[in-house]
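Okay, so here's the structure we're looking at.
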There are 2 protein chains.
Amino acid sequence: MSKRPADPANGSAPAARQVPMRDFSRSLPMSLLRAREAVMRQFRPSLREHGLTEQQWRILRALAAIEAAEVTELARTAFLLGPSLSRILRDLEARNLIERKTAKADQRRSMVSISKEGVKLMASVAPTSEAIYAEITSRFGARKLAELQEMLGELEQSLAGLGAGNEASAEE
Amino acid sequence: MSKRPADPANGSAPAARQVPMRDFSRSLPMSLLRAREAVMRQFRPSLREHGLTEQQWRILRALAAIEAAEVTELARTAFLLGPSLSRILRDLEARNLIERKTAKADQRRSMVSISKEGVKLMASVAPTSEAIYAEITSRFGARKLAELQEMLGELEQSLAGLGAGNEASAEE
DNA sequence: CGGAGATACTTAACATGTTAAGTGAATGCG
DNA sequence: CGCATTCACTTAACATGTTAAGTATCTCCG
């Protein structure tokens with residue numbers, strides 16, 4: 001915690017004060033970003049030791065839960081955009097952590113599933129991951145955690161269809 | 001670690017059910033990610049119209065608030081990693097939105113400040129930005145928003161020094 | 001049946017996240 | 001003073017976020 005006065009001899013004649021705006025560091029996006037970073041910082045080292053990134057881990061977890069899914073469904077579940085998912089799946093497949101086969105009914109779709117190796121990897125990561133989650137829960141408080149998640153869900157709900165359903169705007 | 005039932009070993013039966021884990025879509029990182037995305041989705045179009053990314057906007061806001069700062073301080077304020085900030089500053093400087101000059105006392109440090117053009121750009125973006133923020137606040141509720149931010153701050157606090165201060169671990 | 005349009009991805013291109021290494025400038029200490 | 005360390009950044013390298021195009025397929029309507 002290196003505190004710093006941060007006033008190099010002047011700094012008293014600002015040029016931009018016309019728009020106060022929110023204190024900035026207290027804006028909602030920043031709060032969410034910082035909180036998430038604080039949480040992820042706990043998990044990254046462990047994942048890294050197993051050669052996984054956060055997103056790769058999300059995909060494996062999603063696959064382990066739903067068994068097999070189309071790419072689009074997986075993108076929704078793991079909350080990744082198509083292009084990101086496409087790249088990651090290519091890598092995970094090359095590492096034999098997942099398997100892919102095109103659906104017979106619709107040649108465009110491909111079904112993705114976790115491989116035996118993928119399951120093994122998950123099994124080796126899960127304990128640590130769970131322990132970290134437990135530590136976080138314990139530090140913050142299980143009840144508060146549940147409350148927080150509830151609020152986050154409500155926030156998401158209250159904004160649903162605000163940025164997507166603006167069908168009455170300009171098209172360019 | 002603990003052994004696992006593990007009953008895959010064939011083609012048609014499911015192969016991944018061994019590690020329940022949290023419902024996944026209900027994990028804290030996912031909740032935070034989704035909430036943040038729901039919020040940012042509102043701002044991105046407007047920023048984009050002004051040729052700014054979320055991070056560039058964060059930097060300009062930070063600079064407008066603190067007037068002038070060293071790169072490291074700015075990184076802390078805008079919550080960006082050094083390398084990202086370095087790249088973005090290079091671009092913002094090329095676009096004449098910010099100014100840089102090396103400190104005379106310490107040649108390593110460089111002081112960054114927002115330019116007149118930068119201030120103008122901010123002034124043109126701020127109204128829309130504020131309007132969106134107001135809409136979000138109104139939808140979610142000002143009181144709940146304050147509560148949420150409070151909880152997020154507490155979460156951050158409760159995890160501070162968990163992943164960074166483990167000075168007693170292996171070094172490799 | 002055939003071609004326009006919709007679908008399910010994949011590629012491309014650019015910006016940032018993340019970690020490691022590099023550079024030049026201060027500092028500390030013998 | 002000399003030089004190893006530390007500091008404040010910057011570069012590099014790889015992975016993902018984000019938007020726009022591209023590619024096969026599939027659907028549907030005339």
Side-chain angles (χ1 to χ4, degrees), chain A residues 2 4 6 8 29 33-34 36-37 40-49 51-59 69-76 78-95 100-112 163-164 171-172, chain B residues 29 33-34 36-49 51-59 69-76 78-95 100-112 163-164 171-172:
Chain A
S2 59
R4 180 187 316 300
L33 180 58
R34 301 225 281 229
R36 184 174 141 81
E37 178 53 28
M40 285 317 300
R41 201 195 316 282
Q42 313 304 319
F43 290 98
R44 261 189 286 267
S46 159
L47 290 178
R48 188 172 175 70
E49 278 177 24
L52 288 174
T53 64
E54 178 196 332
Q55 294 81 356
Q56 292 166 351
W57 177 237
R58 284 221 299 274
I59 292 173
E70 301 170 9
V71 173
T72 300
E73 186 187 354
L74 186 54
R76 188 160 27 81
F79 207 68
L80 291 169
L81 292 178
S84 294
L85 184 53
S86 218
R87 281 177 303 215
I88 301 175
L89 288 181
R90 168 162 46 73
D91 297 348
L92 291 181
E93 187 174 25
R95 288 161 66 182
R100 253 199 287 205
K101 57 179 180 181
T102 55
K104 19 196 177 313
D106 188 336
Q107 296 295 98
R108 292 171 306 181
R109 294 171 150 83
S110 80
M111 302 302 292
V112 185
E171 289 301 333
E172 102 184 61
Chain B
L33 180 58
R34 301 224 281 228
R36 185 174 142 79
E37 177 54 28
V39 172
M40 286 316 301
R41 201 195 316 282
Q42 314 305 319
F43 290 98
R44 261 189 286 268
S46 159
L47 289 178
R48 188 174 175 68
E49 279 177 25
L52 289 174
T53 65
E54 177 197 334
Q55 293 82 354
Q56 293 167 350
W57 177 236
R58 283 220 300 274
I59 292 173
E70 300 171 10
V71 173
T72 300
E73 185 188 353
L74 185 54
R76 188 161 27 83
F79 208 68
L80 290 168
L81 293 178
S84 294
L85 183 53
S86 217
R87 281 177 302 215
I88 301 175
L89 288 181
R90 170 163 42 75
D91 297 348
L92 291 181
E93 188 174 23
R95 289 161 65 182
R100 252 198 290 206
K101 56 178 180 180
T102 54
K104 18 196 178 312
D106 188 335
Q107 295 296 96
R108 293 171 306 181
R109 295 171 151 81
S110 79
M111 302 302 292
V112 186
E171 289 301 330
E172 98 186 63

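Fair warning: this is a prediction, and the values are worked out from it, not measured in the lab.
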Under the rule for side chain to side chain contact (heavy atoms under 4.5 Å, CB included), what residues qualify as partners of [X], not counting sequence neighbours?
X: A:T53; answer: A:Q55, A:Q56
X: B:P83; answer: B:L81
X: A:A69; answer: A:I66, A:E73

Item to check | Set of residues satisfying side-chain hydrogen bond (donor to acceptor under 3.5 Å, both in side chains) with respect to A:R48, sequence neighbours excluded | outcome: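 A:R48: no side-chain hydrogen bond (donor to acceptor under 3.5 Å, both in side chains) contacts found.
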Next on the checklist: Applying side-chain hydrogen bond (donor to acceptor under 3.5 Å, both in side chains), can you list everything that pairs with A:Q107, at least two apart in sequence or on another chain?
Outcome noted: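 A:Q107 satisfies side-chain hydrogen bond (donor to acceptor under 3.5 Å, both in side chains) with no residue once adjacent residues are dropped.
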Checklist entry - Does the side chain of A:T72 get closer than 4.0 angstrom to OP1 or OP2 of C:dC9 through an N or O atom? => result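 For A:T72, the contact criterion (side-chain N or O under 4.0 Å from OP1 or OP2 of C:dC9) is met.
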Quick one: [X] [atom1] to [N] [atom2], roughly how many Å, whole number?
X: B:R90; N: D:dT11; atom1: CZ; atom2: C1'; value: 9 Å
X: A:R109; N: C:dA6; atom1: CZ; atom2: P; value: 16 Å
X: A:L89; N: C:dA8; atom1: CG; atom2: C1'; value: 13 Å
X: A:L74; N: C:dC9; atom1: CG; atom2: P; value: 10 Å
X: A:E73; N: C:dA8; atom1: CD; atom2: C1'; value: 13 Å

Checklist entry - Which residues pass the salt bridge (charged side-chain N to carboxylate O under 4.0 Å, His left out) test with A:R109, sequence neighbours left out? => result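 For A:R109, the residues satisfying salt bridge (charged side-chain N to carboxylate O under 4.0 Å, His left out) (neighbours in sequence not counted) are A:E70, A:D106.
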Checklist entry - Between A:K104 and A:M111, is a side-chain contact (heavy atoms from CB on, under 4.5 Å) present by the stated rule, with each step listed? => result CA-CA 10 Å; A:K104 19 196 177 313; A:M111 302 302 292; over 6 Å; no
Checklist outcome for this item: Scoring nucleotides 13-18 of chain D by protein non-hydrogen atoms under 4.0 Å (B base, S sugar-phosphate only, - none) yields B-SBBB
Could you go through residues 87-94 of chain A and list every donor-acceptor pair under 3.5 Å that involves a side-chain atom there, pairing it with any protein atom two or more places apart or in another chain?
residue, atom, partner, partner atom, Å
A:R87, NH2, A:S84, OG, 3.4
A:E93, OE1, A:R100, NE, 3.3
A:E93, OE1, A:R100, NH2, 3.0

Taking N or O atoms only and anything under 3.5 Å, show me the protein contacts with nucleotides 23-29 of chain C, one pair per line.
residue, atom, partner, partner atom, Å
C:dA26, OP1, B:Q107, N, 2.9

